[in-house]
*Asks:* 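Got a structure for you, questions after.
Atoms considered below: every heavy atom in the structure, side chains included; atoms not considered: hydrogens, waters and symmetry mates. Read the numbers this way: they start at 1 and go in the same order the structure lists the ligands and their atoms.
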Amino acid sequence: MSGPLIVLVGPMGVGKSTVGELLAERLGTTYRDTDADVVATAGKAISEIFFDEGEERFRDLERQAVQDSLARHTGVLSLGGGAVLDEGTRTLLAGLPVVYLSMDVDEAVRRVGLNTARPLLAVNPRRQWRELMDARRHLYEEVARTTVATDDRTPEEVARAILDALELPEHTGQTVPSGRENTPMTEQGTTRIRIAGTAGTDPYEVLVGRRLLGELPQLIGDRAKRVAVLHPEALAETGEAVREDLAAQGYEAIAIQLPNAEEAKTVEVAAYCWKALGQTGFTRTDVIVGVGGGATTDVAGFVAASWLRGVRWIAVPTTVLAMVDAAVGGKTGINTAEGKNLVGAFHPPAGVLCDLAALDSLPVNDYVSGMAEIIKAGFISDPVILDLVEADPQGARTPAGPHTAELIERSIRVKAEVVSSDLKESGLREILNYGHTLAHAIEKNERYKWRHGAAVSIGMVFAAELGRLAGRLDDATADRHRAVLESVGLPLTYRGDQWPKLLENMKVDKKSRGDLLRFIVLDGIGKPTVLEGPDPAVLLAAYGEVSA
Ligand SMILES: NC(=O)c1ccc[n+]([C@@H]2O[C@H](COP(=O)([O-])OP(=O)(O)OC[C@H]3O[C@@H](n4cnc5c(N)ncnc54)[C@H](O)[C@@H]3O)[C@@H](O)[C@H]2O)c1
Ligand SMILES: O=C(O)C(=O)C[C@@H](O)[C@H](O)[C@H](O)COP(=O)(O)O
């Protein structure tokens, strides 16, 4: 007979690989896992396929792997948890000895805990599991010849039940080695930017390149038993793929889904994460991985800083803004009703992986938002950044632009140099706040619905006008702010009638001292300085220049 003896389907965590390997041993045959085949064909981890090419491409590769295995493999085959979602894959399985390994919701929660590809906003893994299973159960049943429940059974008992159901005899001879493999690789040509350890913290590296997720296990290290992957709703599949890869590396890996954007930066979401870590038994040697934009990495870092008073964390930024700014430097935090980033901690990551492929799926407005922080790095320190943007403003709006990697790397180097000498913002680090005093006031005024970069863009024009009116900045450089920011599509003005509220909001800015407002202004490009307690009339006049 050709084709596999047994094909196992079922949700993640049900034990397909453990039972599959046992079955292969008992039948004297080989075990094969289509996930491992996909990894081998693509030459990268599943999470990287999601990053680089998206879920649709992954399902295509998976269908091809299933087709190849069905044609050539004669042992035990197991399919990924979501394989049955693909109609083509389901058609391939018709008439085959497919076994659906099922488990009830309580068992799933017990075995997998909070791991799920579904939203977990209500701290209710049971409900999430129920929804996941409701969506998939009929598909598993559609392809399966028989269903074997795994609840309250050991892997040996499950294997026995499958052999009985399919009436397959056990083999008594030699065991054939398993064919499992999963070898994610890091691509050549990765840039490594070192951040020095200061204030008693360890040094770490920011990697910029492609296919970097293979670096995760090394960064997580051997001492960790558990890993929590925090990701936003928009990256649900990617987050789950990263979790699955880490689970395949032997970590007890959970995924914690956060709301998108600023909605994640709340104390409720942080508390939800603490609850998830507590329920998972997260200890001081365990590690948090933040996969997402700046909002996600800010929360991941803050949860890492606060859990057990500090556990290690790794940032996997997936937006331009997070790569060049938020994920680097160890500022972590959440917003409160009173202001932006008012609660937080300085808690540097153990490493930062900037996988440029992640940017391909980023909506253009989020991409452009990140350009504000890149342009900020240009004005405060590296004028080549401004030249590159001005040379091709349209290219600067897309990851396919000719200078994408250079702009990102240059901006990271600016930040790296600053935070390497002043982690806790005792002085120099304040320059990174250029444009942020007004920006944060606008974000609060907009109830955190605005993109950070859009607010920073207006904030920088305001700071440039403030510098000009204070007699510090020349006209040409002040005007250059408008030109370069507008050229990539960033806003330059805000509602004129909001000044009193904005002024009030700015009072809680972290650079304020007592009643003294403090702003970063420029004496010229690459010459940031502090302007303390400017005359209220000058402030108002500067605001007049950005009022719509
Ligand atoms: N800690 C710091 O030093 C620092 C520095 C700068 C900014 N920040 C913070 O960063 C936040 C802004 O970060 P941001 O601009 O990355 O926004 P974001 O984190 O809100 O992400 C923007 C949106 O894109 C989605 N997304 C993320 N990656 C994606 C991808 N690859 N494909 C598709 N969608 C994706 C997110 O879910 C979100 O909806 C703000 O909260 C800001 O205060 C912090
Ligand atoms: O890293 C810093 O320091 C910065 O100020 C970078 C800013 O771009 C960033 O928005 C930061 O989160 C602002 O910090 P805050 O202390 O003003 O909240």
*Asks:* Please classify the Lys511 to ligand 2 contact at 4.0 Å (heavy-atom distances, strictly less than): side chain, backbone, both or neither.
*Replies:* neither
*Asks:* If you measure from each non-hydrogen atom of Arg451 to ligand 1, which part falls under 4.0 Å: side chain, backbone, both or neither?
*Replies:* neither
*Asks:* Could you tell me the residue and atom name of the protein heavy atom closest to atom 30 (C) of ligand 1, and the distance to it rounded to 0.1 Å?
*Replies:* Ser361 OG, 3.5 Å
*Asks:* What do we get for Thr318 next to ligand 1 when only non-hydrogen atoms under 4.0 Å count, side chain, backbone, both or neither?
*Replies:* both
*Asks:* Side chain, backbone, both or neither: which applies to Glu373 and ligand 2 if a contact is any heavy-atom pair less than 4.0 Å apart?
*Replies:* side chain
*Asks:* Side chains of Asp286 and Tyr251: any donor to acceptor distance under 3.5 Å?
*Replies:* no
*Asks:* Below the 3.5 angstrom mark, is there an N/O of Lys265, backbone or side chain, next to an N/O of ligand 1?
*Replies:* yes
*Asks:* So which bit of Leu235 gets within less than 4.0 Å of ligand 1, heavy atoms only: side chain, backbone, both or neither?
*Replies:* side chain
*Asks:* I'd like to check which ligand 1 atoms, numbered from 1 as shown, lie under 4.0 Å from a non-hydrogen atom of Thr319.
*Replies:* 14 (P), 16 (O), 21 (O), 27 (C), 28 (N)
*Asks:* Looking at non-hydrogen atoms alone, which of Asn433, Asp325, Leu428, Val456 comes nearest to atom 5 (O) of ligand 2?
*Replies:* Asn433
*Asks:* Please state which option from Ala454, Ala261, Pro232 has its nearest heavy atom closest to atom 20 (O) of ligand 1.
*Replies:* Ala261
*Asks:* Please check if any side-chain donor atom of Glu373 sits under 3.5 Å from a side-chain acceptor atom of His452, or the reverse.
*Replies:* yes
*Asks:* Counting only nitrogen or oxygen atoms and a 3.5 angstrom limit, does Pro363 reach ligand 1?
*Replies:* no
